[in-house]
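Take a look at the structure below.
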Amino acid sequence: MTINRIASALRRRLWRTVCAFSGGLTVTGRWNAEGGCIVVANHASHADTAVLVAALPSTARPVFGAAADYWFDVPVRRFIATSLIGILPVRRSGDGNYHALLAAAGPALRAGRTVVIYPEGTRSTDGTIGEFRCGALRLARDCGVPIVPVAIVGTADVLPKDGRFSPGRMEVRLGEPVDPHATSAPQLRSQVLALRGDVVPDDRFALAS
């Protein structure tokens, strides 16, 4: 555990420095989660992961569920994933992908770590937040941990998908922990939209996923 804490602190310091030179990072809201939890966030840029490492407290010891076929197929990306970020490889398609997620994330959650999942499943290219898949919600229920909705702003301008790097201000907006048994995937999406400042659809009657 001590090694994990040291690694998380070093990663956070590294990416806070990178964010400072990339235009700056602002964090709004308070981190009120204790013990293991799942963060769900919108996803429009590879910079999202960097700013979350920089924004979350090192005591959260965050790890990221991310596509195994992308992050672990090239040695350079594998080094970044394992050493500089802390990525849990997850299959994006095929039979048993949820069980692979549970096997990868379950031990981290039981150890009191924060697991970050992008429930859209891929990066947005037009600034909209796509529909949320149910894997993060199911994982939180099965592991008995809360979900923390988080909105990321500005990263798509700094490092758009298939685009060029352009320095700019970035922001992470932290929400309050949510009981996974009292919400649905559409409602989680609405909370992230609200944190980002978007017009929020009425999901009061959305069925639990």
Side-chain angles (χ1 to χ4, degrees), residues 15-16 19 22-57 59-60 62-66 101 105 109 113-161 168-209:
W15 291 111
R16 286 180 73 87
C19 288
S22 300
L25 172 64
T26 301
V27 181
T28 58
R30 295 184 60 184
W31 180 254
N32 291 321
E34 295 183 3
C37 70
I38 295 172
V39 162
V40 294
N42 57 299
H43 192 28
S45 168
H46 279 322
D48 296 336
T49 298
V51 300
L52 285 175
V53 175
L56 297 178
T59 53
V63 287
F64 295 75
L101 173 63
L109 292 169
R113 302 189 72 171
T114 295
V115 173
V116 180
I117 295 176
Y118 301 117
E120 294 167 271
T122 188
R123 286 170 288 163
S124 171
T125 58
D126 61 4
T128 62
I129 297 179
E131 298 302 316
F132 277 17
R133 300 179 182 181
C134 300
L137 190 61
R138 182 180 175 186
L139 181 65
R141 290 170 178 171
D142 288 347
C143 294
V145 298
I147 293 182
V148 180
V150 171
I152 304 171
V153 179
T155 52
D157 295 326
V158 172
L159 189 64
K161 185 175 181 179
R169 295 290 303 176
M170 298 171 286
E171 185 177 0
V172 171
R173 300 172 182 172
L174 305 174
E176 292 293 326
V178 176
D179 179 353
H181 296 283
T183 191
S184 67
Q187 289 169 333
L188 285 172
R189 177 177 177 270
S190 291
Q191 291 185 55
V192 174
L193 284 166
L195 285 167
R196 201 174 71 162
D198 294 8
V199 175
V200 180
D202 188 347
D203 289 321
R204 289 176 297 171
F205 304 106
L207 296 176
S209 300

(message) Considering only residues two or more places apart or on different chains, which pairs with a residue in residues 28-38 satisfy side-chain hydrogen bond (donor to acceptor under 3.5 Å, both in side chains)?
(response) Thr28-Glu171, Asn32-Glu176
(message) Using the side-chain contact (heavy atoms from CB on, under 4.5 Å) criterion, which residues pair with Arg16? Sequence neighbours excluded.
(response) Arg12, Ala54
(request) Mind checking salt bridge (charged side-chain N to carboxylate O under 4.0 Å, His left out) for Arg113 and listing every partner two or more places apart, or none if nothing turns up? (result) none
(request) Measure the shortest side-chain to side-chain distance between Val116 and Leu56 over non-hydrogen atoms and say whether it is less than 4.5 angstrom. (result) yes
(message) How close do Gly175 and Val148 get, counting heavy atoms only, and between which atoms?
(response) O-CG1, 3.5 Å
(message) So, applying side-chain contact (heavy atoms from CB on, under 4.5 Å) with Ile152, which one of Val192, Leu195, Val51 is it?
(response) Val51
(message) Under the criterion side chain to side chain contact (heavy atoms under 4.5 Å, CB included), I'd like the reasoning laid out for Thr122 against Lys161: C-alpha separation, chi angles, the key distance, then a yes or no.
(response) CA-CA 10 Å; Thr122 188; Lys161 185 175 181 179; 3.7 Å; yes
(request) Output all residues satisfying side-chain contact (heavy atoms from CB on, under 4.5 Å) with Ala55, sequence neighbours left out; order by chain, then residue number. (result) Leu25, Val27, Val172
(request) For the residue pair Ile117 and Leu101, establish whether any side-chain heavy-atom pair is separated by less than 4.5 Å. (result) yes
(request) Say whether, by atom type as modelled, one donor and one acceptor occur between the side chain of Thr183 and the main chain of Asp179 under 3.5 angstrom. (result) no
(message) A side-chain contact here means heavy atoms from C-beta on lying under 4.5 Å apart; do Val40 and Gln191 qualify?
(response) no
(request) Could you tell me whether a side-chain N or O of Arg173 sits under 3.5 Å from a main-chain N or O of Arg196, the two making a donor and an acceptor? (result) yes
(request) Looking only at non-hydrogen atoms, find the nearest pair between Ala44 and Ala156 and report the distance. (result) CB-CB, 3.9 Å
(request) Could you pull out the closest heavy-atom pair between Arg133 and Ala185, with the gap in Å? (result) O-CB, 4.1 Å
(message) Can you confirm whether Ser124 sits close enough to Asn42 that some side-chain heavy atom of one is under 4.5 Å from a side-chain heavy atom of the other?
(response) no
(message) Could you report the tightest heavy-atom contact between Pro62 and Pro57, atom names first, then the distance?
(response) CD-O, 4.2 Å
(request) Determine which pairs satisfy ring pair (Phe, Tyr, Trp, His ring centres under 6.0 Å) with at least one residue from residues 113-140, sequence neighbours left out, and list them in order. (result) His43-Tyr118
(request) Please list all pairs passing the side-chain hydrogen bond (donor to acceptor under 3.5 Å, both in side chains) test where one or both residues lie in residues 145-160, with sequence neighbours left out. (result) Asp48-Thr155
(request) Could you tell me the separation between the SG atom of Cys19 and the CE atom of Met170, rounded to the nearest 0.5 Å? (result) 4.0 Å
(request) Measure across Ile147 and Ala140 and return the closest heavy-atom pair with its distance rounded to 0.1 Å. (result) CG1-CB, 3.5 Å
(request) Measure the CZ-CD distance between Arg189 and Glu120 for me, rounded to the nearest 0.5 Å. (result) 8.0 Å
(message) Distance check, rounded to the nearest 0.5 Å: Leu137 atom CG versus Asp142 atom CG?
(response) 9.5 Å
(request) Quick one: closest heavy-atom pair of Leu139 and Ala105, and the distance? (result) CD2-CB, 3.7 Å
